[in-house]
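Numbers restart at 1 for each chain; the letters A, B, ... are given by sequence-line order, proteins then strands.
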Amino acid sequence: MLLLNCPCCGVDADETELAAGGEAHLKRETVGAEDEAFEAYLFMRDNPRGVHFERWRHAYGCGKWFLAARDTVTLEVFGTYPAQTKKPPKAIENALKKKRPDWKGWA
Amino acid sequence: MSDAISALSGAHATGYVTVTEAGLRGMITLRGDLGATKLKAAVKKLIGADVPLVRQNTVNADRGVAWMSPDELLLMVPHAEAESCVAALAKALTGTHHLVANVSDARAVFRVEGAAVREVLAKISPADLSPAGFAPGQVCRTRLAQVAGAFWLTDDETAEVVCFRSVAAYVFGLLEHSSRTGSEVEYS
Amino acid sequence: MGMSTRLATGGRLLNRARAVEFNFNGKRLTGYEGDTLASALLANNQVLVGRSFKYHRPRGIVASGAEEPNALVNLGKGGRFEPNQRATTTELFEGLSATSQNHWPSLEYDVGVLNNYVARLLPAGFYYKTFMAPRAAWKHVFEPIIRQSAGLGKAPKDRDADRYEHFHAHVDILIVGGGIAGLQAARTAAASGARVLLVEQTANWGGRAPADGSVVDGIAAEEWITKAVEDLEKMDNVHLRTRCMGAGVYDHGYALAYERVADHLPANGQPRHRLWRIRARQIVTATGAIERPLSFAGNDIPGVMLASAVRDYVANFGVSPGDRTVVVTNNDDAYRTAIALKEAGLDVPAILDARPEATGPLARRARDLGIRVEPGKGIAKVIGGKRVTSVKICAQSGEGAALEEIPCEAVAMSGGWSPVVHLWSHCGGKLTWDETNAHFRPDPDRAPTNQDGEGFVKTAGAASGEVSTANCLKDADAAGRAAAKAAGFKPEPGDAATAEAEEVQPMLPVWVMPQGAGIAKRMKMWLDYQNDVKVSDVQLAAREGFESVEHAKRYTTLGMATDQGKLSNINGLAVLSQSLNSEIPKVGTTTFRPPYTPISMGSIGGEARGELFQPVRQTPIHDWHQANGAYFEPVGHWRRPYCYRRDGESTEQAVQREVKNTRQALGLLDASTLGKIIVRGPDAGRFLDMLYTNMMSNLAVGKCRYGLMCSENGFLIDDGVVARLDDDTWLCHTTTGGADRIHGWMEDWLQCEWWDWQVYTANVTEQFAQIAVVGPNARKLLEKLGGMDVSKEALPFMQWADGTIGGFSTRVFRISFSGELSYEIAVPAGQGRAFWDALVAGGEEFGLMAYGTECLHILRAEKGFIMIGDETDGTIIPQDLGLDWAISKKKDDYLGKRAQARSHMTDPNRWKLVGLETLDGAVIPDGAYAVGEGRNANGQRNTIGRITSSYYSPTLDRGIAMGLVDHGPNRMGEVIEFPTLGAGSQPIRARIVDPVFYDKAGEKQNV
Amino acid sequence: MKRYSAFAIAREAARYHTGWERAWRSPEPKTHYDVIIIGAGGHGLATAYYLGKNHGIRNVAIIEKGWLGGGNTGRNTTIIRSNYLQDPSAAIYEKSRSLYETLSQDLNYNIMFSPRGLIMLAQTHHEVRGYQRTAYANALQGVKTEFISPARVKQLVPIMDISGPRYPVLGGLYQARGGTARHDAVAWGYARACSDMGMDVLQKTEVTAVRSEGGTVTGVETSRGIIGCKKLSIVVAGHSGHVAEMAGFRLPIESVALQALVSEPIKPCMDVVVMANTVHGYMSQSDKGEMVIGGGTDGYNNYTQRGSFHHIEETVRALIETFPMISRLKMLRQWGGIVDITGDRSPILSKTPLGNCFINAGWGTGGFKAIPGSGWAMAELVAKGEPGPLAAAFGLDRFREGRFIDESVAAGVAH
């Protein structure tokens, strides 16, 4: 039962108050995109055993979407941050490099 | 124009706390830049209180304002004044990007009173309701069993619980069941 | 002679002043307040309490707590009946009624015991090797027999008469287990100021210490416990809970506790169980240890018990298991039982100690009490049927040649102790093998980790693998300290309780007794009493290649009974590793799954039953519907009237009446459930152009437009009418199911993709009651009520206006989902009922009738309007439905546009929407498929289309349907066949026609 | 290999069962195989079995990181049905179901296939329409199902409350030859048969890398050394993304936890499998007497084999509403497995960007029932290098084309 801190209202939200939204930082592909790029946008997902960037909505709380960096094996949460960003903030990346030296890094 | 009626027309239950539908309450959703001077002034004028900080709420006699999200407030006024207040706000905020909506009739409000009020709410909400985690002056948007809701303490033994009108009967049922005599947890 | 009885004195948990009457298998028996059902049964010489799962062997009480595998009973009656209740954890109460399980016709004479006589033919996994021929016999002969003989308790029949609830608690430190370790850990943790919750599964504090005669801080454990509890109760930051079992530990500090509030006081108005959902920064498990049986021939015969259990029954309940008890052990602790028995005036013919010598202080005390101690000896065989009558003893080192037969009524065995590691392991805590004590104990360096990657579970006392009272207290203090620190508090330099260090003679691992026992003996050594798994079964599994502990467990069913292997796991594992000539830690353990002991389904469901099972969403007009014969259908959590049945009317008749009346006179629909979302801001138009397939930014203020929404996959997900309220405000109507979904969808795009766009949304669905006034007389009614001008000129089709009607301030939309003259009128929800009533009253003279969702469906189908969820199913794109007119060609993008350009989406062979008219006017069954020529590569009939909606049209008095057909629009007039179900049923033939069946020109709605 | 039979048991009983031989060999890896299958779960073992039985390819190794059948094969609720809506699904699941009918005899191992019947409850008008549609489709697909009345449902499942105030039972889609089987036995039976055909089941052997030359697979690196192969088949539910990465391609898959639970055993009270999709619960009674209950999946990627408790809670309260008598039963054990969910929730049996490398994945929550059919179709794909009719529709290419096989369209029944 996950407990994630909502960066928009500061609440440590119980998993039952959250809605999961899948992989974060997807780049929207649309008209003009190659078939392969569009397929990747819709279906090809990072599914790592380890560090995963993902979307959550504080559905029963402030209603805002936010992003989280989480380990899919230990369920450790490296940090949550607002959804209005195209890549993880430096602070999160640094935390990750410290805690997961073998982490391939963002991209 | 006939008189408006609330969802459960004042339903009441007495267990080891009392649960009462509080009747009609004027409620206005205001979305905008909560830091903007115009907005702050408009709220102050209408409610007589400042824009509250994160997860805070201010109750000022029959008026109040609650922080709902980084760009949303819930303003409370007498039900009869809701429409005029909406108009006033809209006027005051002309030229700024905002949204004002009267949601008075979309809600039901319950008053839960008794020493064990925290305990009763803790049966249906996963939020931390210990005095350390939740105090008067704060608003808690959370899950009430299977529906969304919000509540705040007007004093240490009184909570106001807000939910959507369509599930008023369900939430009343939850509160009634949780506060039934014999269900005391005596958790302090 | 030799029966188990209540002793004249003793029994620290008993209130001998209050006798309690109860009933077992129809016998009226008496116990005392404070008894468990098990102790009361023993006190009444009821040692035989059940039958085993497979061989139906007689089974007696073995243990005194949650680890009991045998003493399971059917408890209670009717709405309070419960199978598989553990007698050792069932508090006795006045009028308790129980029956034993898994036997026929009776406990004493059970025909199922036949299995026992052919046991040799039924080794582990025998069923995998037989019952294969003839094929049908498995289902019809063998399986029913196996199922009937398995299954333990009876199935409840009546609805549960009790209620349940949940409770959420947030604490700094949760401590599980109220023995001296738990109490000490709580004292230490609480002293730091942390919020502490201490839960104990039984009704009593203190755990084993009092029965073991421990001394704490120089006083009897019992006194110390009383004082410790009093001290803790005084502290505001501590909460104590008995009858509350730590059931499971989950991720991020979540824990479940199972409080049996009223099991011991049935029907007193309290919730029966309360499930605690706890968030703890730190969890300390002080869950103690469980004694292991010894594996000797006949160790399952009633009267053979755990040494610690025998001690508990004597000390806690003043119950003698028998006049003569032989003690057999491989460690010092069992001597305490011998001494306790002796001191209670009972006879201990011998202590058989498998160790070559018995030199510890307890052994000395036993000898001083005149008890015969036999080192290096074990049990060759227990003699007895439904009750022990004697034991044959032998040298532990030999093959089991009997040296002597000792008459006795009970055997107290101890194979050493295993810490209760369940809660530690639930969330990934790892174990390490302890050679000295021959058990797995928690490895503090590999604790379960929380959201911060830090360990969040500590263990205290015996649960850590500690044996002596002194060390348990030290360990508990350390655990309390560590937990407080980890939870962010400063533990006081404390005054932990202490106990005298004891000299202990090391235990000797004994997995088979005697060590050289032959196969005949090993086939009589039980590991899992309930599932009838024996030493020989585990050895067979190993021989057949089931080498992983998971394989062996599943093949033999070891540890899969209702006790989840609390007694059998380690012994079985040891036997397995010996058979594989491997070391125990190499073979590993099976995973521990929640709950620690079974918890009621009722408690898991909590308050959510009956009326509170799920929310029912009601519109402001719900009561009127209810009062006027509405037959409701669930739409999401809403209840919507399907139709309004009048006296003597069938559902179909009611629907047809409503359709005819709406077309001919006047219909009223409660449309309040339709979604209403306000979208506002400088970029709102641009946003809606992305959301809808057609253009919304150029909609004029005051006008309405029908729009479609697609997913990024191109599939149609919702539709509805959009109204432009002012320059930067739009009102979007969605389907009933769409309201929350589409609002969330909008916020998703605004927050996560186009966050720099200036748009706000608000879901105002419930602010308004929305009522559709539909039919030729619609305008007449509104004009009668008076107020705003609703003439065609003032308010043309597809426009909206604010104004008053009959004194109500309303917003009126000239839109139609029926093809008739129609006004959809919104009023504040609080006035919805009053407005509805005004319409009903005023409409009488115009033939007004309310109509429901089925009528709505037929009206729209007659007009060929599509319905989300009927014509769409998540795989349909607007182009399939001939809705190209609603897809803007001007826009270079909208959600779903790119997807709709993919090869399969542009495939000319996609089925397209058409109307279908049966040749004979019959109604085509909903969901029917049209068949083409031949079969596909998998031998399935080729299909060329399917029905999406099909109704009897009262207006046209014939069956009408819409469907998706291969190249349908190009095949107008063609007749296709829809096979129907059932033997010999004839296919229905239908002609492909235009989907608009009624008023093709659309004149009626535009007047 | 000695055949199993009642006579064999009697014979062995005479010598206290000391004469039974190993169910499968535990060999050392060879340096090269014609086909290597990664994953000794039901699907991998079945693939191997039909490679040998249908295509005469027996120089095969099945490589398993842990213990055979230790993944989802041994963690599911053992439901077997083929009442699917879409043609490709109905085809492969019905093939599978029909193979189950005779699997015990084919393998000489009693997998306890119990065609006790399966009902999917229709509790809303929308579901009624969805299941009627499925019944019509099944009739043309050669799948025997029928839409039955509430009264018939009650007759088949007396312990059910069909007039529940919230979701009265309006009917059901009934498949009389649907049912259950003993999950472990399926893996063990296939393993024994494969071993008997001379195939090597290599347990406790972890694949650490996939080797290839010029875009064609040449072998794998394992914890027991390098093993060469002509063809490679990846059948590792729950770890597909991970292994695919080794082989150098990505999959349209996310791995989430699925949970299940069992009650304490009680005497037989329900002889049918019941699925109630409106309230998200399904239940059957095992031969041991336990009520076997399936829960929901988490919405987030998770490899812990532990799910979140609230799914258990939602399922249990729903089933209490439908089967009031279970309220006083107790939950004995809950557990979780990792399931691979694809973009359309249907499986992938496909060639891959890597030559001679094939993948079988994405069965989501529906894998167990598909084991024999999946193995059959996969064996054909591996043997011929091209998919046969059963596998044809399940290629990876469908996602790019937007050609979904979406089962959720029938009243929201995914798998």
Side-chain angles (χ1 to χ4, degrees), chain B residues 1-7 24 27 29 31-32 71-72 79 82-83 97-108 119 121-130 132-133 144-148 163-171 173-174 176-178 180-188, chain C residues 163 165-171 195 197 236 239 241 261-262 268-271 274 277 279 606-608 611-612 614-620 637-638 672-673 678-682 728-729 758-769 804 807-809 828-835 838:
Chain B
M1 183 85 160
S2 85
D3 295 342
I5 53 169
S6 66
L24 294 161
M27 292 194 181
T29 289
R31 296 194 63 181
D71 60 7
E72 180 179 343
H79 187 267
E83 273 305 321
H97 171 41
H98 71 278
L99 183 154
V100 186
N102 181 354
V103 293
S104 313
D105 289 34
R107 304 277 191 274
E119 167 182 312
L121 292 174
K123 293 182 183 184
I124 57 176
S125 164
D128 181 356
L129 301 182
S130 62
L144 306 173
Q146 299 173 55
V147 299
C163 68
F164 282 106
R165 182 185 186 107
S166 65
V167 293
Y170 172 73
V171 170
L174 288 175
E176 182 279 325
H177 181 268
S178 304
R180 221 175 270 178
T181 308
S183 307
E184 296 86 347
V185 184
E186 283 156 3
Y187 182 77
S188 48
Chain C
R163 64 191 185 97
E165 70 179 18
H166 292 156
F167 186 69
H168 298 85
H170 295 251
V171 298
R195 279 184 296 169
L197 171 60
D236 299 339
H239 187 79
R241 211 83 188 162
V261 181
N268 76 337
Q270 291 179 282
R274 179 179 292 124
R277 287 101 70 87
R279 283 284 183 184
E607 84 291 335
E611 277 308 296
L612 296 178
Q614 269 183 3
V616 172
R617 298 180 70 183
Q618 304 179 346
T619 75
H637 283 169
W638 289 102
S672 305
T673 60
I678 294 172
V679 179
R680 185 168 203 275
D728 55 8
T729 311
Q758 289 201 309
V759 183
Y760 287 127
T761 70
N763 183 350
V764 294
T765 301
E766 296 201 21
Q767 169 65 15
F768 301 98
T804 64
F808 292 84
S809 65
Q831 290 161 44
R833 173 63 193 275
F835 185 57

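Residue B:Glu83 does not touch chain C at all, counting heavy-atom pairs closer than 4.5 Å. In this structure, chain B has a heavy atom under 4.5 Å from the side chain of C:Val764, while its backbone stays farther away. If you measure heavy-atom distances from C:Arg274 to chain B, the contacts under 4.5 Å come from the side chain alone. When heavy atoms are compared at a cutoff of 4.5 Å, C:Thr761 approaches chain B by way of both its backbone and its side chain. Only the backbone of B:Ala127 comes within contact range of chain C, with at least one heavy atom under 4.5 Å from a heavy atom of that chain. At a 4.5 Å heavy-atom cutoff, the contact between B:Ser183 and chain C is made by backbone and side-chain atoms alike.
Between B:His98 and C:Tyr760, the gap from one ring centroid to the other reaches at least 6.0 Å.
Closest approach of B:Lys123 and C:Phe167 over heavy atoms only: CG-CD1, 3.8 Å. Summarising the geometry of B:Tyr187 relative to C:His170, their closest heavy-atom pair is OH-O, 4.3 Å, with the distance given to 0.1 Å. Counting all heavy atoms, side chain and backbone alike, C:Ala762 lies closest to B:Leu99 at CB-CD2, 3.6 Å.
Judged purely by atom type and a 3.5 angstrom limit, B:Arg31 has no side-chain atom pairing as donor or acceptor with the backbone of C:Val759. B:Gln146 contributes no side-chain N or O that, together with a main-chain N or O of C:Pro615, makes up a donor-acceptor pair within less than 3.5 Å. Using modelled atom types, one side-chain atom of C:His168 and one backbone atom of B:Ser125 make a donor-acceptor pair closer than 3.5 Å.
When each of B:Val103, B:Thr29, B:Leu24, B:Val167 is checked for heavy-atom pairs under 4.5 Å with chain C, B:Val103 comes out on top. Highest contact tally toward chain B, considering only C:Ala829, C:Pro682, C:Gly606, is held by C:Ala829 [criterion: heavy-atom pairs under 4.5 Å]. Note on C:Gly269, C:Pro271, C:Ala834: by heavy-atom pairs under 4.5 Å with chain B, the leading option is C:Pro271. The greatest number of non-hydrogen atom pairs below 4.5 Å with chain C, out of B:Ala122, B:Ser166, B:Ala169, is found for B:Ser166. Chain B forms more heavy-atom pairs under 4.5 Å with one residue of C:Gln758, C:Arg279, C:Arg277, C:Arg195 than with any other, namely C:Gln758. Between chain B and the options C:His637, C:Arg833, C:Arg617, heavy-atom pairs under 4.5 Å are most frequent for C:Arg617.
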Before giving the answer on side chain to side chain contact (heavy atoms under 4.5 Å, CB included), spell out for B:Tyr170 and C:Gln614 the whole-Å C-alpha distance, their side-chain angles and the decisive distance to 0.1 Å. CA-CA 8 Å; B:Tyr170 172 73; C:Gln614 269 183 3; over 6 Å; no
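Within a 6.0 Å radius of CZ in B:Phe164, other residues, nucleotides and ligands contribute 12 heavy atoms or fewer. Heavy atoms from other residues, nucleotides or ligands lying under 6.0 Å from CD of B:Glu176 number more than 12.
For the pair C:Pro620 and B:Arg165, the minimum side-chain heavy-atom distance is below 4.5 Å. At a threshold of 4.5 Å between non-hydrogen side-chain atoms, the residues C:Gln767 and B:Asn102 count as touching. Residues C:Arg241 and B:Val185 form a side-chain contact, since some pair of their non-hydrogen atoms from C-beta on lies under 4.5 Å apart. Side-chain contact between C:Arg163 and B:His177 is present, with heavy atoms from C-beta onward closer than 4.5 Å. Taking 4.5 Å as the limit, every side-chain heavy atom of B:Ser178 sits out of range of all side-chain heavy atoms of C:Glu607.
Note that the CG atom of B:Leu174 and the CD atom of C:Glu611 stand 11.5 Å from one another [nearest 0.5 Å].
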